[in-house]
Amino acid sequence: MSGLLRTEPYIINIGPQHPSTHGGMHVEAVMDGEEIVDVIVHLGYVHRSVEKIAESRTYTQFIPYAARLDYMATNLPAWGYAAAAEKLLGLTVPERAQYIRVIMGELSRIASHMMFVGSLAIDLAATTGLLYCLRDRERIMDMFEMTSGQRLLASYMRIGGVSHDLPEEFFPAINSFLADVPRMLEEYNGLIIGNEILQARCNGIGILPAETAIAYGVTGPNLRASGVDYDLRRDDPYGFYDRFDFKVAVAQKGDCMARLMVRLEEIEQSARIISQALEQMPEGDIIGKVPKVLKAEKDREVYHRIESAKGELGYYLLADGTDKPARLHVRAPSFVNLMVLPIISRGGKLQDIITNIATLDPVLGESDR
Amino acid sequence: MIPNSNEEAINQILNSMDHRVQPYEDPFFQGLRVEPADLLQLMLLLQDQAGMNYLADITATDRKEEFEVTYHLYAIPDNQMKIVIKTRVPRDAAELPSVFTVYPTSDWQEREIFDLMGIRFSGHPNLVRVLLPDEFEGHPLRKDFRKEG
């Protein structure tokens, strides 16, 4: 009988309008019965051509565009851009501003990772998990509002520093937040990680071997979850990261659970960095001596990279002697990381694609640019 | 085992390629210029013999008569060497070899350059647009792309 049965591959479309794609992304799952044969990713639904826009904006004018790349961790892409521009223009940043950047950057990382945990939970139908994470992330949004006036898309970074000093009410808010972080993590551990269904959907699913991760340029928490101990904050330090004592979170298995656990540990480590930054931060200027019109000499170029919430976020800037860049290129970790989605999904079941997308943690504003 | 990347290994590669690679000054990287025909060989040697296992970024710039393609290479986990490779292709024959066989991460990054800058990568397994729709005409990052609206 079995010789007469013939199967043929068929395609299931996920997205572009589907909550589990975390933005506008279209995924074609090529199935043979219940098994995934291949995954084809279609990007570009959120393409705004920001690299082209940058060529007609002054160096300063690009900051709000940068803040909208990874809108889940707004201060990190803005910081990366500001730092790249400073390198190109040869500007220095005052000490206090460096510390404020670390504090706001790490808060953004925590916000992004909380969204990761919450959205993974809701993608696996554990709606309550999302609500707990959003409740805690809300306190970070409040702090962004205090400092910059904006909650989600704080264009708080400036070339040479930051836009405002930290207000008085910021300090009690951050201190109580940091004091509550262990309790939040305990809650996530019990409520979300302790959930049997979540464990079954994450353990051993979407395994990404270390060699594959490096070959495909996967960086950030996704790389560290595959057992590669590599974090730009420690291994290619920028800003003041060499002044803090923190542990780089690494997990070994490379599966969805490992990617989740690395993020949870990073929340804890980010909180540690913030407390040290608050202790060490001196009084002083929040922005350096920056000329009114910023011009870099013709043909000068930089590639500056930071450890963003999603991985290596790099900016390539080329100057043409005017107040606008000749070329800006964003090396977006979300874009590069997504390349392994087909690799980690093949041979699995349809439902695993959802978990794999959620744990690769792409943000489409950044991948599509 | 990943061999340690170091200057000695780089120098050996430069010697073995017999002046077909030109070092240049860059404040943050070891800069190398190479002709498109020698690009793949240089990449292979850097990966095999100098431990440059991580191609972080590929980007292209419009230089009027030519396009310049830039590659940023690092080694994971030690960051001892930072290498930038530059190569140029003429505007009217914008094609260079894909480095996909050496660095699979170039897959979508080369597609992006093909899509937005209109440079073809020979030997790429699936050279189609990645961000813009397939039927889109033109390559927006070229300086002569007409902006409307």
Side-chain angles (χ1 to χ4, degrees), chain A residues 40-49 51-53 55-56 87 90 210-219 223 228-232 234-237 248 299-305 311-312 314-316 318 320 326-333 335-340 343 367-369, chain B residues 2 26-29 31 47 52-64 67-80 82-84 86 100-109 111-113 115-117 126 128-134 136 139-143 145 147:
Chain A
I40 303 158
V41 182
H42 297 278
L43 292 175
Y45 291 92
V46 211
H47 181 59
R48 293 93 79 206
S49 200
E51 295 182 6
K52 187 70 175 178
I53 290 171
E55 293 172 13
S56 54
K87 223 178 191 177
E211 308 77 57
T212 312
I214 294 175
Y216 276 87
V218 173
T219 45
L223 178 65
V228 182
D229 191 358
Y230 184 69
D231 188 319
L232 297 179
R234 184 198 62 198
D235 298 323
D236 194 6
V248 173
D299 285 341
R300 194 176 150 78
E301 60 171 28
V302 294
Y303 176 76
H304 183 73
R305 54 185 195 157
E312 171 171 338
Y315 287 92
Y316 170 83
L318 173 72
D320 61 0
R327 176 84 168 94
L328 175 133
H329 171 67
V330 186
R331 189 269 186 208
F335 180 73
V336 179
N337 290 351
L338 262 178
M339 250 187 274
V340 296
I343 298 170
S367 68
D368 288 4
R369 285 157 286 156
Chain B
I2 300 161
D26 184 285
F28 311 106
F29 288 86
Q47 189 184 58
M52 305 303 291
N53 58 351
Y54 171 44
L55 173 60
D57 173 64
I58 314 175
T59 188
T61 50
D62 185 343
R63 303 275 190 163
K64 287 185 184 136
F67 294 115
E68 184 175 78
V69 183
T70 308
Y71 302 80
H72 292 96
L73 289 166
Y74 298 88
I76 290 179
D78 88 274
N79 274 311
Q80 291 308 303
K82 299 170 183 182
I83 295 181
V84 56
K86 281 181 179 289
F100 177 76
T101 47
V102 188
Y103 295 106
T105 184
S106 69
D107 185 349
W108 289 11
Q109 302 198 47
R111 279 175 65 189
E112 180 188 322
I113 294 171
D115 189 355
L116 303 179
M117 195 66 94
N126 179 33
V128 293
R129 288 187 186 270
V130 64
L131 293 176
L132 297 172
D134 291 335
F136 191 88
H139 306 285
L141 285 180
R142 290 188 174 193
K143 291 287 184 188
F145 182 81
K147 286 181 280 181

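What you are looking at is a predicted structure, and each value in this text was computed from that prediction instead of being measured. Letters A, B, ... mirror the listed sequences (proteins, then strands); counts begin at 1.
Residues A:Glu55 and B:Lys143 meet the side-chain proximity criterion, which asks for heavy atoms closer than 4.5 Å. Side-chain contact between A:Leu318 and B:Glu68: absent, with no pair of heavy atoms (C-beta onward) separated by less than 4.5 Å. When side chains are defined from C-beta on, A:His304 does not count as touching B:Phe28, because their heavy atoms never get closer than 4.5 Å. Residues A:Val336 and B:Trp108 fail the side-chain proximity criterion, which asks for heavy atoms closer than 4.5 Å. When side chains are defined from C-beta on, A:His329 counts as touching B:Glu112, because their heavy atoms get closer than 4.5 Å. The shortest side-chain heavy-atom distance between B:Thr59 and A:Tyr303 does not fall under the 4.5 Å cut-off.
The contact between A:Tyr230 and chain B is made entirely by side chain atoms (from C-beta outward), counting heavy-atom distances below 4.5 Å. At a 4.5 Å heavy-atom cutoff, the contact between A:Leu338 and chain B is made by backbone and side-chain atoms alike. In this structure, the portion of A:Asp299 lying under 4.5 Å from any heavy atom of chain B is its side chain and not its backbone. For A:Ser56, the part lying under 4.5 angstrom from a heavy atom of chain B is the side chain only. For B:Leu132, the part lying under 4.5 angstrom from a heavy atom of chain A is the side chain only. Of the two parts of A:Asp229, only the backbone, made up of N, CA, C and O, holds a non-hydrogen atom closer than 4.5 Å to a non-hydrogen atom of chain B. At a 4.5 Å heavy-atom cutoff, the contact between B:Arg63 and chain A is made by side-chain atoms alone. Residue contact with chain B, scored on non-hydrogen atoms closer than 4.5 Å, is absent for A:Tyr45. Neither the backbone nor the side chain of B:Asp62 comes within contact range of chain A; no heavy atom of the residue lies under 4.5 Å from a heavy atom of that chain. With a 4.5 Å cut-off on non-hydrogen atoms, B:Thr70 touches chain A through its side chain but not through its backbone.
Between the CG atom in A:Leu328 and the CG atom in B:Leu141 there is a gap of 10.0 Å [rounded to 0.5 Å].
Comparing A:Arg327, A:Arg331, A:Met339, A:His47 by how many heavy-atom pairs each has under 4.5 Å with chain B, the most go to A:Met339. Interface check for chain B: of the options A:Gly314, A:Gly217, A:Ala215, the most heavy-atom pairs under 4.5 Å are formed by A:Ala215.
Proximity of a side-chain donor or acceptor of A:Lys52 to a complementary backbone N or O of B:Leu116 within less than 3.5 Å is not detected.
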* Asked: Would B:Asp57 and A:Arg305 count as a salt bridge (charged side-chain N to carboxylate O under 4.0 Å, His left out) if you check the C-alpha gap in whole Å, the side-chain angles of each, and the deciding distance to 0.1 Å?
  -> CA-CA 10 Å; B:Asp57 173 64; A:Arg305 54 185 195 157; over 6 Å; no

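With 3.5 Å as the limit, one finds no donor-acceptor pair spanning the side chains of B:Tyr74 and A:Glu312.
Across all non-hydrogen atoms, the minimal contact from B:Tyr54 to A:Ile214 is CD1-O, 4.4 Å.
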